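Scroll down for the structure; my scribbles are underneath it.
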Amino acid sequence: MKLTDILIEAPLPDDWDKSKFKSNTPFAQRVRYAEERAGKLGTGSSRIAFEIEYEGRPTVLKIAKNKKGIAQNDYESQMFSDYYVEGLEITIPMIDHDEENDPPTWLHVEKAEKMRPKQFKTFFDGMGAGDMMDCVIYLTGKEPSRYHISDEKKERYNELYEENDYIISLVDLIGNYDIHPGDFRYLANWGVYKNHPVIIDIGASTEVISSYYS
């Protein structure tokens with residue numbers, strides 16, 4: 001059974017006031033409402049992650065705190081609900097997202113365990129996140145590598161594309177979608193879910209990058 005076969009959509013917690021997350025509600029008010037009801041897991045420049053319980057297990061609610069966060073929610077919800085992307089099983093499964101507002105003010109996803117450097121190397125044939133992404137970018141041919149790649153490394157990368165399922169999925173994902181791969185060089189954007197590596201943040205499309213980070 002695949003991970004995507006067991007997901008059931010769910011709204012915000014039953015005791016939360018859904019009107020607090022309407023698109024015309026100020027960002028700070030949405031965030032403050034969530035802070036009063038859930039533990040904060042992390043804060044980025046555009047979104048805040050909260051832990052909420054769902055069906056007896058901890059899950060993650062991502063709430064936009066500015067327009068950049070809304071744009072990331074919009075792209076991430078499209079990616080996480082894409083049937084082909086789900087089938088690659090290299091991204092954290094999405095449980096639900098805000099369907100009352102377009103673009104969505106929040107996303108609800110499964111919670112991954114923190115990725116450790118040693119774990120990452122176990123999944124990716126001894127490579128750290130930076131080296132692994134050099135491999136994936138070379139294999140996609142999407143953009144030139146930052147460094148000269150020796151013939152020995154090219155041979156190894158090509159072998160990994162035949163042998164490592166996670167690299168195969170990443171090449172498929174990055175090669176076929178509007179994704180900026182730079183964030184995947186950082187371990188903070190990875191987690192462990194059901195004993196395999198997953199991307200937990202995929203909101204930075206090239207369009208989002210050009211619109212909000214230039």
Side-chain angles (χ1 to χ4, degrees), residues 1-5 42 44-46 49 60 62 71-72 75-94 109-214:
M1 177 181 291
K2 291 187 175 183
L3 302 178
T4 51
D5 294 334
S45 62
S46 59
V60 177
K62 298 182 179 184
Q72 290 187 346
Y75 186 72
E76 195 164 271
S77 66
Q78 294 175 47
M79 293 297 296
F80 283 163
S81 61
D82 184 287
Y83 180 79
Y84 190 79
V85 172
E86 288 180 310
L88 296 176
E89 297 190 344
I90 198 68
T91 57
I92 190 70
M94 182 172 69
V109 300
E110 295 288 357
K111 185 182 179 183
E113 300 171 22
K114 185 176 181 179
M115 177 69 81
R116 306 292 181 182
K118 187 175 180 180
Q119 285 177 297
F120 193 93
K121 290 183 177 181
T122 299
F123 292 128
F124 291 101
D125 202 58
M127 293 186 291
D131 290 339
M132 183 276 297
M133 284 309 302
D134 281 342
C135 169
V136 170
I137 289 172
Y138 162 73
L139 290 168
T140 61
K142 201 167 184 179
E143 60 181 61
S145 174
R146 297 177 302 167
Y147 310 109
H148 171 72
I149 300 176
S150 67
D151 290 340
E152 183 180 356
K153 275 195 172 183
K154 288 179 181 179
E155 183 177 353
R156 182 191 180 202
Y157 291 167
N158 288 323
E159 288 175 355
L160 287 174
Y161 187 54
E162 299 292 331
E163 299 170 358
N164 189 298
D165 290 339
Y166 305 127
I167 288 178
I168 292 170
S169 291
L170 273 172
V171 170
D172 203 346
L173 179 72
I174 293 171
N176 291 296
Y177 289 87
D178 176 31
I179 296 172
H180 191 279
D183 282 352
F184 305 156
R185 295 183 182 276
Y186 302 100
L187 213 59
N189 284 324
W190 289 89
V192 180
Y193 182 72
K194 294 190 181 295
N195 299 314
H196 72 94
V198 289
I199 297 165
I200 60 176
D201 188 337
I202 201 170
S205 67
T206 56
E207 182 178 349
V208 171
I209 291 290
S210 63
S211 298
Y212 294 95
Y213 291 86
S214 299

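Treat the numbers as computed from the prediction; the structure is a model and nothing was measured.
The CD atom of Glu159 lies 9.0 Å from the CD atom of Glu162; values are rounded to the nearest 0.5 Å. Atoms CE and CE, from Met79 and Met94 in turn, are 11.0 Å apart once rounded to the nearest 0.5 Å. With rounding to the nearest 0.5 angstrom, the CZ atom of Phe124 is 5.0 Å from the CG atom of Leu170. The line from CD1 of Ile149 to OH of Tyr157 is 5.5 Å long, rounded to the nearest 0.5 Å. The SG atom of Cys135 lies 8.5 Å from the CG atom of Asn158; values are rounded to the nearest 0.5 Å. Annotation: the span from Ile202 atom CD1 to Thr91 atom OG1 amounts to 6.0 Å, rounded to 0.5 Å.
Closest approach of Ala49 to Val60, counting heavy atoms only: CB-CG1, 3.9 Å. What you find for Gly191 and Ala112 is that their closest heavy atoms are CA-CB, 3.9 Å. The two residues Val198 and Glu89 come nearest to each other via the heavy atoms CG1-O, 4.4 Å. Heavy-atom minimum distance, Phe120 versus Gly128: CE2-C, 3.5 Å. Heavy atoms only, all atoms of each residue included: Met115 and Pro197 are closest at CE-CB, 3.7 Å. The two residues Phe123 and Asn164 make their nearest non-hydrogen contact at O-ND2, 3.0 Å.
Open room surrounds CD on Glu152; 12 or fewer heavy atoms of other groups in view lie less than 6.0 Å from it.
Partners of Tyr75 by ring-ring contact (aromatic ring centres under 6.0 Å, His included), not counting sequence neighbours: none found.
For residues 200-212, every residue pair satisfying the salt bridge (Lys or Arg N to Asp or Glu O under 4.0 Å) rule, not counting sequence neighbours, is listed here: Arg47-Asp201. Identified under the side chain to side chain donor-acceptor pair (under 3.5 Å) test for residues 114-123, with sequence neighbours left out: none.
The only member of Ile168, Thr140, Ile199 that meets side-chain contact (heavy atoms from CB on, under 4.5 Å) when paired with Leu173 is Ile199. Here the options are Ile137, Ile90, Ile179, the test is side-chain contact (heavy atoms from CB on, under 4.5 Å), and the partner is Phe184; only Ile179 passes.
Side-chain contact between Arg156 and Asp125: present, with at least one pair of heavy atoms (C-beta onward) separated by less than 4.5 Å.
Using a 4.0 Å cut-off between charged nitrogen and carboxylate oxygen, Lys194 and Glu110 do not count as a salt-bridge pair.
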Show your reasoning for whether side chain to side chain contact (heavy atoms under 4.5 Å, CB included) applies to Leu160 and Met127.
CA-CA 11 Å; Leu160 287 174; Met127 293 186 291; 3.5 Å; yes
Test Lys62 against Glu76 for side chain to side chain contact (heavy atoms under 4.5 Å, CB included), laying out the working first.
CA-CA 11 Å; Lys62 298 182 179 184; Glu76 195 164 271; 2.8 Å; yes
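Between the side chains of Tyr84 and Asn176, no donor-acceptor pair of N or O atoms lies under 3.5 Å.
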